[in-house]
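Notes to accompany the following structure.
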Protein chains: 2
Amino acid sequence: MTSQVTLRHLRYFIATAECGKIQVAAERVYMSPSAVANAIKNLEDILGVKLFERHRTGVHLTYDGHRFLDDARSILRLLNDSIFEFQNKTTHVEGELVLGASVAVIGYFLSVPLSQFERIYPNVKVRLVENARSDLERQLRGGEIDIAFIITSNISISEGLEVHTLFRSERTVWCAEGHRFSSIPKVSLEEIEKERYIMLSLDEAEINITQIWRRYGRKPNVWLKTQSVEAVRSFIAREQGVTILSNLLYRPWSLDGTRIISKPIAETVPTMNLGIVWRRDRVPTPQSHCFIEFMKRTLNENAESPGAV
Amino acid sequence: MTSQVTLRHLRYFIATAECGKIQVAAERVYMSPSAVANAIKNLEDILGVKLFERHRTGVHLTYDGHRFLDDARSILRLLNDSIFEFQNKTTHVEGELVLGASVAVIGYFLSVPLSQFERIYPNVKVRLVENARSDLERQLRGGEIDIAFIITSNISISEGLEVHTLFRSERTVWCAEGHRFSSIPKVSLEEIEKERYIMLSLDEAEINITQIWRRYGRKPNVWLKTQSVEAVRSFIAREQGVTILSNLLYRPWSLDGTRIISKPIAETVPTMNLGIVWRRDRVPTPQSHCFIEFMKRTLNENAESPGAV
DNA sequence: CGGTTTTACGTTCCCCGTAATGATT
DNA sequence: AATCATTACGGGGAACGTAAAACCG
């Protein structure tokens, strides 16, 4: 094999990281499992670090893997945007575009692609409205905002609204580097129940996570409830507890640089689904259309990817 | 050929842009001219824009080419840094590092790689001293700074100092998009003499450029002298004049978004050589060593590349 | 056993180099 | 004629798919 990293490596790596299974990732990139497995092995050899833990149920990112995932995404995003900018003359698209999203979605999802979008379409004036989901739905129907970013699994009534799921993010257990969980391939809710639990009460996180616990007839031992993701990270890094959150919010380090580990959950847990919503009866403006297409493209059209169950 | 952009395309493209000749670029990347020429042709087809103007004497970046060069460099920089970070465990290098540079060098050269360096070596505390060349040399000898970034062709006495040229930047004529120069492949000093000239008096630019004019027994028709590169760009974009400056300072657009064209000069003009300097008798600290190696690596080891004459 | 990753191996096709050709002064 | 870039074409090797093997609960 090659001794140089190629874009092929990055693409297969990202697909595998997002799908959690080499087989599924191979489908997504229209390749055979062996090709993807070989590429990842080769990539690991070049970098000199293990990127995945292999289990019989699939693969799971290591600490280093998560770090490299950030880089790989940045690189491909930069490249794809640049290519797109040249292939399509984008400077003629102009006008106003009002986006709505919740605070967590803005900070952990929207900020990066949004700045990319503004670079590619410099003549589109983007206005960003931060609100709770219910308010966003109301504003959407009222025509105050063009497109809303919402956790699509929770939309109350989709009547008259077009919903397009862009992104599925697996939910995992977070713990400190030295924690006993970090040596187990999969952690069950029963095990998590025994630990101090840190509950994030931001946006819809608390409701959704509580639902998961209830579904399995269990209850987390909540030691702290906070609205700050950074606080969650910080306490977990200091071995003050564990939590369950979507990988969208996950970063492999806390503010002070200590490591945090992400482990899959033994039980089947629904993914967090994020998508865009707009009014069906309203003709989309050119800038709305551009934005929607841009988001699909940015996320590598992985909306139809199965993700975890 | 392929219909996808690869890193190979980017590498060949960057080498060609920096060398100005496909043959020379091919040498630098250890390839045949045909391989490089094909790759660039293919890249242009994919992007749908011409990246180079072809001349008998070599190739020269178009407006779009300059824009894509920025992107291509960012992408490869990101990738190389990421790979390096994993291949070498860098977090253990720590300590203080005092760098010296002039104002133009800091803004147009140092800022980007410096932030990359601080990411890779988070435990190295970098302090930056802005000063004129003569002061930097004095501070270097006095031990107040570890490494200085200096225009190496002008160093007064290199006695006791280790000089390593990192970067050569071709000097070109800048003019507005519609200017008569923009349709000529090469512009002679005689032609430039007929135009209003805008003189940048920042750092050593004025001295160096004046030397070039004197060497050919000519004199520019200076209409404006300013210390601001942005002012230079802005006036040139508005067809108020032309200038000669190194490509290091060149960007294909002015602050208000109008285009600026860069054209090669007919006469042989020395490149602007930038390098790092340190005291020979002083044992380099680990962080100094790391920084020097980092800079060499970042610039693709193109210090020994011939560049223009 | 069932689901997964990994290895083995024959094959394909992309990309390179050599060498001829074209363009420009 | 000299000096570039470009085109034509045959050969080599990286990367693919098929299929079998190893792994693990």
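Convention: sequence-line order gives letters A, B, ...; per-chain numbering from 1. All of these numbers come straight from a predicted model, not from anything done at the bench.
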Subject >> Nucleotide nearest B:R54 when distance is taken to its side chain, options C:dT5, C:dG17, D:dT6 >> reply: D:dT6
Original post:
Can you check the A:F52 CZ to C:dT6 P distance for me, whole Å?
Top reply: 10 Å
Original post:
Which nucleotide, D:dA5, D:dT7, D:dG17, lies nearest any side-chain atom of B:N38?
Top reply: D:dT7
Original post:
Salt-bridged, B:K263 to B:E53, with N to O below 4.0 Å?
Top reply: yes
Subject >> Whole-Å gap separating C1' (D:dT7) and CD1 (B:I40) >> reply: 16 Å
**OP:** Could you tell me whether the side chain of B:T172 and the main chain of B:S262 form a donor-acceptor pair under 3.5 Å?
**Re:** no
Subject >> Distance, rounded to the nearest Å, where B:E27 contributes CD and D:dC4 contributes P >> reply: 11 Å
Subject >> Parallel, tilted or perpendicular: rings of B:F68 and B:F13 (30°, 60°) >> reply: tilted
Original post:
Taking only side-chain nitrogens and oxygens of A:Y30, does any of them come within less than 4.0 Å of OP1 or OP2 of D:dG17?
Top reply: no
Original post:
Toward the 5' end of DNA chain C, which comes first, B:A39 or A:A37, by nearest nucleotide?
Top reply: A:A37
Original post:
So, is B:K21 close to the D:dC4 phosphate, meaning a side-chain N or O under 4.0 Å from OP1 or OP2?
Top reply: yes
Original post:
Any side-chain donor paired with an acceptor under 3.5 Å for B:N80 and B:S82?
Top reply: no
Subject >> Closest to side chain of A:S34, choosing from D:dA19, D:dC16, C:dT25 >> reply: D:dA19
Original post:
Can you check whether B:K41 has a side-chain N or O nearer than 4.0 Å to OP1 or OP2 of D:dT7?
Top reply: yes
**OP:** On DNA chain D, check which nucleotide each of A:P33 and A:H9 is closest to and give me the residue with the more 5' one.
**Re:** A:H9
Subject >> Length of the line joining B:Q23:CD and C:dG17:P, which is rounded to integer Å >> reply: 14 Å
**OP:** Look at all strands and tell whether A:Y12 reaches a base, only sugar-phosphate, or nothing, counting heavy atoms closer than 4.0 Å.
**Re:** sugar-phosphate
Original post:
Phosphate oxygens OP1/OP2 of D:dA14: is one of them under 4.0 Å from a side-chain N or O of A:R8?
Top reply: no
Original post:
Would you say a side-chain N or O of A:S32 is under 4.0 Å from OP1 or OP2 of D:dT18?
Top reply: no
Subject >> Shortest side-chain distance from B:R56, nucleotide among C:dC15, C:dT5, C:dT25 >> reply: C:dT25
**OP:** Mind calculating the distance between CG (B:N42) and P (C:dC16) to the nearest angstrom?
**Re:** 10 Å
Subject >> A:K296 bridged to A:E293 by N-O distance under 4.0 Å >> reply: yes
